[in-house]
Amino acid sequence: MVLDNLGSSLRGTMDTLRGKSRLDEEDVQEIVKEIQRSLLQADVEVDLVMDLSSNIEERALNEEPPGGTSARDHILKIVYEEMVDVVGDSTEIPLEPQTIMLSGLQGSGKTTTAAKIAWWFSKKGLRPAVIQTDTFRPGSYQQAKQMAENAEVQFYGDPDAEDPVKIARDGLEATSDADVHIVDTAGRHALESELIDEIEEIEREVNPDRNLLVLDAAIGQGAKEQAREFDDAIGVDGVAITKLDGTAKGGGALTAVNETDSSIAFLGTGETVQDIERFEPDGFISRLLGMGDLKQLSERVERAMQETGDEDEDWEPEDMLEGSFTLKDMQRQMDAMNKMGPLDQVMDMIPGMGGGMMDQLPDDAMDVTQDRMRNFEVIMDSMTEEELEDPRSIGAQQVKRIARGSGTDEETVQELLQQHKMMDKTLNQFQGMGDGDMQRMMKKMQGGDGGGLGGMGPF
């Protein structure tokens with residue numbers, strides 16, 4: 001995740017404060033140094049880093065922690081609030097008819113982002129259309145068309161045209177029945193005057209409601225100049241940060257937001273059109289500090305369960321609490337988990353599960369878990385309907401046959417059966433529960449006294 005090294009190093013520094021009721025000057029200076037070091041390594045501009053660290057230091061030394069609050073929780077709260085202030089509010093994106101124009105350098109991810117934003121609007125009940133105006137990059141038309149098809153949204157482009165302004169004009173007419181128009185513009189390898197002139201002409205033609213600057217999370221210090229050039233030319237209303245699924249530092253995006261006095265609109269977290277999030281500053285920083293993001297998690301769960309239900313309309317997740325839990329139910333649950341995205345992203349959203357706990361796992365731990373889930377799916381595809389409905393009936397000979405048919409080993413088949421048994425036992429604890437019982441169990445799972453959220457409670 002963007003600035004993930006900051007979160008990791010901060011959590012390590014915070015751990016040294018456990019048990020302390022008050023902070024001394026040495027403690028504060030150590031934390032401030034760690035923040036400065038991490039932000040500079042993440043390519044955040046020096047002036048921005050110094051302003052942030054100065055604010056944190058002043059508040060930590062002068063503010064009295066509320067009664068009963070530990071020194072660790074007090075400084076964590078200050079860091080959280082100041083970081084939220086730095087990233088700013090989310091760009092306002094109303095759910096109404098509008099035109100959004102995307103700009104940025106070549107390779108920043110504009111074409112993919114156009115389809116992702118269109119998909120996002122479609123899931124909010126609006127009819128979006130992508131208009132591809134890039135006549136510079138070979139293959140841009142085909143890529144945009146394919147991405148729009150993947151997003152199942154309307155698309156317009158003209159691979160034979162040479163005038164991007166005419167394409168934009170014709171595109172708006174051809175997709176006049178759409179609620180939201182996403183206009184993708186051409187990029188270049190550098191900030192050339194030709195690029196600036198072109199997007200200025202397209203902007204005059206389409207008269208967008210919002211101009212979003214698309215930035216690769218790995219852009220680094222070059223973000224400042226880029227942001228200023230685009231802002232001077234067409235004005236930047238918001239920033240879409242792409243490629244946050246890699247090892248990008250991401251600090252350049254914060255610099256761009258600060259330079260244009262704008263805000264972050266969307267985060268691109270993967271390669272598919274579904275891998276996009278609306279930027280929410282509270283949840284973003286909360287995840288960064290290892291405190292989870294329940295709002296984003298609930299949205300992913302809701303989307304995954306809806307898509308799983310669409311594919312199998314006869315299945316209701318609630319049925320698992322009323323009857324027997326079969327391998328078919330487990331398969332549907334695993335399918336829903338896959339639709340939620342990479343497990344490391346999901347883990348980061350769960351209070352108490354991301355952050356410090358993730359820091360302790362090997363780098364490939366989540367990959368191993370995903371491979372295991374894929375193996376389980378292959379194994380279940382090799383089972384008969386009767387075995388899926390009644391896994392307890394599977395004996396030693398059947399295990400051998402299933403292992404041969406799935407290309408796995410008997411040990412992995414047994415692991416699957418054991419996993420099912422554990423899940424079945426857990427679900428049995430929920431059966432027959434009243435609302436009060438359920439609430440007590442959820443509270444216990446979250447730590448009861450707020451411990452699941454780092455002991456900090458709501459902000």
Side-chain angles (χ1 to χ4, degrees), residues 93 98-123 128-168 170-172 174-175 178 180-192 194-196 198-199 201-203 205-206 208 210-219 223 226 230 234 236-246 248 253 256 264-277:
I93 307 286
Q98 60 191 290
T99 299
I100 297 174
M101 190 173 85
L102 304 184
S103 60
L105 295 189
Q106 186 170 318
S108 60
K110 289 190 310 303
T111 299
T112 303
T113 300
K116 287 182 175 184
I117 294 176
W119 176 86
W120 182 84
F121 273 111
S122 73
K123 292 302 177 181
V130 173
I131 300 173
Q132 172 57 254
T133 69
D134 187 352
T135 60
F136 179 78
R137 180 171 62 89
S140 58
Y141 170 84
Q142 288 298 333
Q143 182 193 4
K145 187 173 185 292
Q146 182 61 57
M147 292 297 295
E149 288 176 0
N150 294 345
E152 299 181 343
V153 299
Q154 196 173 356
F155 171 77
Y156 180 86
D158 187 344
D160 299 320
E162 296 181 358
D163 183 358
V165 179
K166 185 178 185 301
I167 296 175
D170 294 345
L172 289 175
T175 61
V180 180
H181 293 92
I182 314 293
V183 181
D184 182 21
T185 63
R188 299 289 192 275
H189 290 299
L191 280 167
E192 305 161 359
E194 182 185 354
L195 167 62
I196 298 299
E198 182 175 294
I199 61 173
E201 289 181 38
I202 295 174
E203 191 206 23
E205 181 64 42
V206 304
R210 281 162 193 82
N211 287 317
L212 297 186
L213 176 61
V214 181
L215 289 176
D216 186 326
I219 184 174
Q226 271 195 47
F230 281 108
I234 58 174
V236 173
D237 301 307
V239 174
I241 309 176
T242 64
K243 306 177 186 179
L244 292 179
D245 52 323
I264 301 174
F266 291 99
L267 304 175
T269 58
E271 297 180 357
T272 71
V273 291
Q274 296 91 351
D275 295 326
I276 185 171
E277 297 176 9

Closest heavy-atom pair and its distance - Asp184, Ala114: CB-CB, 4.2 Å
Minimum side-chain heavy-atom gap Val153-Phe121 below 4.5 Å: no
Considering only heavy atoms from C-beta outward, does the side chain of Leu102 approach that of Ile182 to under 4.5 Å? yes
So Phe230 and Leu195, do their side chains get closer than 4.5 Å, heavy atoms only? yes
Would you compute the distance between atom CD of Glu205 and atom CG of Leu172 and round it to the nearest 0.5 angstrom? 7.5 Å
Does anything in residues 98-118 pair up under salt bridge (Lys or Arg N to Asp or Glu O under 4.0 Å), and if so which pairs, sequence neighbours excluded? none
Please answer whether the main-chain N or O of Asp134 pairs with a side-chain N or O of Ser140 as donor and acceptor at a distance below 3.5 Å. yes
Rounded to the nearest 0.5 Å, what's the gap from CG on Leu105 to CG on Leu215? Could you check? 8.0 Å
Would you say that Met101 contacts Val206 through its side chain, given a criterion of any heavy-atom pair below 4.5 Å between the two side chains? yes
Residues two or more places apart in sequence or in another chain: which of them pass side chain to side chain contact (heavy atoms under 4.5 Å, CB included) with Asp237? Arg210, Asn211
Here the gap from Thr111 atom OG1 to Gln106 atom CD, rounded to the nearest 0.5 Å, amounts to 9.0 Å
Heavy-atom closest contact (Val273 atom, Ala115 atom, distance): CG1-CB, 4.1 Å
Restricting to side-chain hydrogen bond (donor to acceptor under 3.5 Å, both in side chains), what partner residues turn up for Asn150, sequence neighbours left out? Gln146
If you round to the nearest 0.5 Å, how far is CG of Leu213 from CD1 of Ile241? 10.0 Å
Quick check: do Asp216 and Thr242 have side-chain heavy atoms less than 4.5 Å from each other? yes
Any heavy-atom pair between the side chains of Thr113 and Phe266 that's under 4.5 Å? no
List in chain and number order the residues that pass side-chain hydrogen bond (donor to acceptor under 3.5 Å, both in side chains) with Glu152, two or more places apart in sequence or in another chain; answer none if no residue qualifies. none
Can you name the side-chain hydrogen bond (donor to acceptor under 3.5 Å, both in side chains) partners of Asp170, sequence neighbours left out? Lys166
Indicate the atoms forming the closest heavy-atom contact of Ile131 with Ala168, along with that distance. CG2-CA, 4.3 Å
Non-hydrogen atoms of Glu271 and Thr112 that approach each other most closely: O-CG2, 4.3 Å
Any heavy-atom pair between the side chains of Thr99 and Pro208 that's under 4.5 Å? yes
Is the shortest side-chain heavy-atom distance between Glu198 and Phe136 below 4.5 Å? no
Mind checking side chain to side chain contact (heavy atoms under 4.5 Å, CB included) for Glu194 and listing every partner two or more places apart, or none if nothing turns up? Arg188, Glu192
Consider side-chain contact (heavy atoms from CB on, under 4.5 Å). Of Val130, Ile199, Ile167, Ile202, which one does Val183 pass it with? Ile202
Specify the closest pair of heavy atoms between Pro128 and Ala118, including all atoms of both residues, with the distance to one decimal. CG-O, 3.0 Å
Under the criterion side-chain contact (heavy atoms from CB on, under 4.5 Å), I'd like the reasoning laid out for Thr135 against Asp163: C-alpha separation, chi angles, the key distance, then a yes or no. CA-CA 7 Å; Thr135 60; Asp163 183 358; over 6 Å; no
Ignoring hydrogens, what is the shortest heavy-atom contact between Gln132 and Tyr141? Give both atom names and the distance. CG-CA, 4.3 Å
